[in-house]
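Notes to accompany the following structure.
Keep in mind that the numbers below use all heavy atoms, side chains included, and drop hydrogens, waters and symmetry copies. Small disclaimer: the values here were computed from a predicted structure and weren't measured.
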Amino acid sequence: MASQSVLTPQAEDFPRWYQDVVAKAEMADNGPVRGTMVIRPYGYAIWENIQSAIDLRIKAAGAQNAYFPLFIPESYLSKEAEHVEGFSPELAVVTHAGGELLAEPIVVRPTSETVIGEFMAKWIQSYRDLPLLLNQWANVVRWELRPRLFLRSSEFLWQEGHTAHATYDDAAAYALKIHLEVYNSFLEEILAVPTYLGIKPPSERFAGAINTMTCEGVMRDGKALQMATSHELGQNFAKAFEIYFQNEEGQAALCHTTSWGASTRLVGGLIMAHGDDHGLIVPPRVAPIQVVVLAVRDDEEVLSACDRIVKLLQAAGVRVTMDQGRGSFGRRITDWEIKGVPLRVEVGPRDLAQGVVTMVRRDNDEKVAITIDALASTASSLLETMQSDLYASALARRDAATTDTTTVGEALEIAQQGFARLPWSVVNGEGETTLKSQAVTVRCLQRPDGTMPSSDSEPGLVCLVAKSY
RNA sequence: CGGGAAGUAGCGCAGCUUGGUUAGCGCGCCUGGUUUGGGACCAGGAGGCCGCGGGUUCGAAUCCCGCCUUCCCGACCA
């Protein structure tokens, strides 16, 4: 019997589909306070895999992990004018503690440029202390008016990097290095999500930055999702927090700082970039479970074969779990599909009689019979194939969702379903206002060949516009 | 934060208009049995401060007020 769908089909109602998947795949729940999120073990396991892949790259880029406090004096925020202006609407402020009204309110960090700036000033004495390359894994709070699990929650988890450099060039180069070697590398190689790399137009810049670089993902409904950002902060924060160093000539000089972050939003991006009507599709390299070994029936011969197979896969370094064969077969398949486990190994009497197992790919439902001898090597290579196939199909969708155009009017129409690419000179100014009035924004600026511009004033830039999450 | 809709068992819902036995149904869950190659079946069972607080009333899931939460559309954002 053909199963009726468990999830709302994407084409019928994409946001509903998203919520269904998050709930049914046991990724997350809403917390009791509006906008808060409970991340369930399966969702958290994915996040942990994301974390370790990003952390590895951050360390390779030379930054060190540290931890700064959740509570920030309100006065710190005010030290950088644009920064405080950008963040004050979404701040959570503690006014009472220990049963008393506080003399100075305490802000729950929305990001940590300010506290870290304060300590950079203290720690940096000479050019020999530079560059100072820090990162922290933390939770932050930004009061959200329209929350969505993983995509926008009032409290979320992220990594925020903060660096100080002696020169503008060094700072700009480092922010770009993070953008490419940490974020883009992670997105392509691990999350299998192709993005548009570019810089934000001035209107979309981080509050207090002189340049913001972005990785804009294309979701399956054609909307954009900012998946990671890297900022050049110039000397704005250095001035506000007096981050000076003594240069080789013995003179005092202001540092140039950067900051960059990626959050639990990546989990939402993964869901919306790869998922289909049957549920999640988790790329093998981030999948907490890469292979599920499914006993077709609950009998001794089948189960002991499954046991053997699990051990073979574990020995080959595959993250594998076993489904004991209780309950109906179809039901169990559906459940694993919703969770997006890349490979399913079905083991039943019919397979065993022929000395094989059936291996099924989650992304294209392709089934192959594999001898048990060849199982581990086939699984490993199929996982790698799937990883690159997922990237390739996401890339094909990205390109199919993008249309070149020349006018703001056309761009508006295209942006109802996807991305429009057009000259920045056409949009810059009034065009941007027109787009915004219909919830369409400039996601990023690029050179015509798709590479990163060095600034928004470079001539001949194109922009990508879309609706966004 | 503005406009709309909604909150009844884990999930989806009926009941509310017209207040009145013990608040129902489907799925899921538990027990036993039969099953098992794409959401199985039979029998039995557990599970409810009807979102929270107040009011009206002899009596409130039902009527009134306030708050909280969720969803959709905007403005703000990783």
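As rounded to the nearest Å, B:rU56 and B:rA14 have C1' atoms that lie 27 Å from one another. One C1' atom belongs to B:rC50, the other to B:rA23, and the distance between them is 8 Å to the nearest Å. Taking the C1' atom of each, B:rU62 and B:rC71 are spaced 24 Å apart, rounded to whole Å. Separating the C1' atom of B:rG47 from that of B:rU31 is a span of 15 Å, rounded to the nearest Å. The same atom, C1', is picked in B:rG7 and in B:rA40; the two are 34 Å apart, to the nearest Å. Nucleotides B:rG20 and B:rC68 place their C1' atoms 30 Å apart, quoted to the nearest Å. Across B:rU69 and B:rG51, the matching C1' atoms stand 7 Å from one another, rounded to whole Å. Distance check on atom P: B:rG54 versus B:rC16 gives 26 Å, rounded to whole Å.
Here the P atom of nucleotide B:rA40 and the CZ atom of A:Arg297 are 15 Å apart, to the nearest Å. Rounded to whole angstrom, the span from the CG atom of A:Asp298 across to the P atom of B:rG33 amounts to 13 Å. A:Leu7 places its CG atom 13 Å from the C1' atom of B:rC11, with the value rounded to the nearest Å. Atom CD1 in A:Ile333 sits roughly 15 Å away from atom P in B:rU36 (whole-Å rounding). In this structure, CG of A:Asp299 is placed 14 Å from P of B:rU34, rounded to the nearest angstrom. If you take CG of A:Asp365 and C1' of B:rG37, they are 14 Å apart, rounded to a whole angstrom. When the P atom of B:rC11 is taken as reference, atom CZ of A:Arg40 falls 11 Å away, rounded to whole Å.
For A:Arg344 (side chain) and A:Arg362 (main-chain N/O), no donor-acceptor pair under 3.5 Å exists by modelled atom type. Of the possible polar contacts, one joining the A:Arg285 side chain to the A:Glu189 backbone as a donor-acceptor pair under 3.5 Å is found. At least one donor-acceptor pair under 3.5 Å links the side chain of A:Asn236 to the backbone N or O of A:Gly208.
Residue-level contact check: A:Asp29 touches neither bases nor backbone, having no heavy atom under 4.0 Å from any strand. Within 4.0 Å (heavy atoms only), A:Gly348 reaches at least one base atom of the nucleic acid. Residue-level contact check: A:Thr358 touches the bases, meaning some heavy atom is under 4.0 Å from a base atom. Nucleic acid contact for A:Asp335: base, since at least one base atom lies under 4.0 Å from a heavy atom of the residue.
Using bins of under 30°, 30° to 60° and over 60° for the plane-to-plane angle, the ring pair A:Tyr469/A:Phe14 lands in the tilted bin.
Pair assignment for B:rU56: none, as no Watson-Crick or G-U wobble contacts are both less than 3.5 Å. In this entry B:rU21 has no Watson-Crick or G-U wobble partner, no candidate having both defining distances under 3.5 Å. Applying the Watson-Crick and G-U wobble criteria (two distances, each under 3.5 Å), B:rC27 pairs with B:rG10. Across every strand in view, B:rC49 sits unpaired, with no contact that passes the Watson-Crick or G-U test at under 3.5 angstrom. Base pairing annotation: B:rC71 forms a Watson-Crick or G-U wobble pair with B:rG4, both donor-acceptor distances under 3.5 Å. The partner of B:rG32 is B:rC42, judged by Watson-Crick or G-U wobble contacts that both fall below 3.5 Å.
The cationic group of A:Arg265 does not satisfy the cation-pi geometry with A:Phe156, failing either the under 6.0 Å distance to the six-membered ring centre or the 45° limit from the ring axis.
A donor atom on one side chain and an acceptor atom on the other are not found under 3.5 Å apart for A:Ser259 and A:His162. Side chain to side chain, A:Ser112 and A:Gln136 meet the donor-acceptor criterion of an N or O pair below 3.5 Å.
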Quiz item: Reading nucleotides 66-78 of chain B from the 5' end, what letters show protein touch, with B for base, S for backbone sugar-phosphate only, - for no heavy atom under 4.0 Å?
Solution: ---SSSSBBB-BB
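Residues satisfying the ring-ring contact (aromatic ring centres under 6.0 Å, His included) criterion with A:Phe87, sequence neighbours excluded, are A:His83, A:Phe206.
Scanning atom types as modelled, one donor and one acceptor separated by under 3.5 angstrom connect the side chain of A:Arg344 and the base of B:rG38.
A salt bridge between A:Glu337 and A:Lys24 is absent, with no side-chain N of the basic residue lying under 4.0 Å from a carboxylate O of the acidic one.
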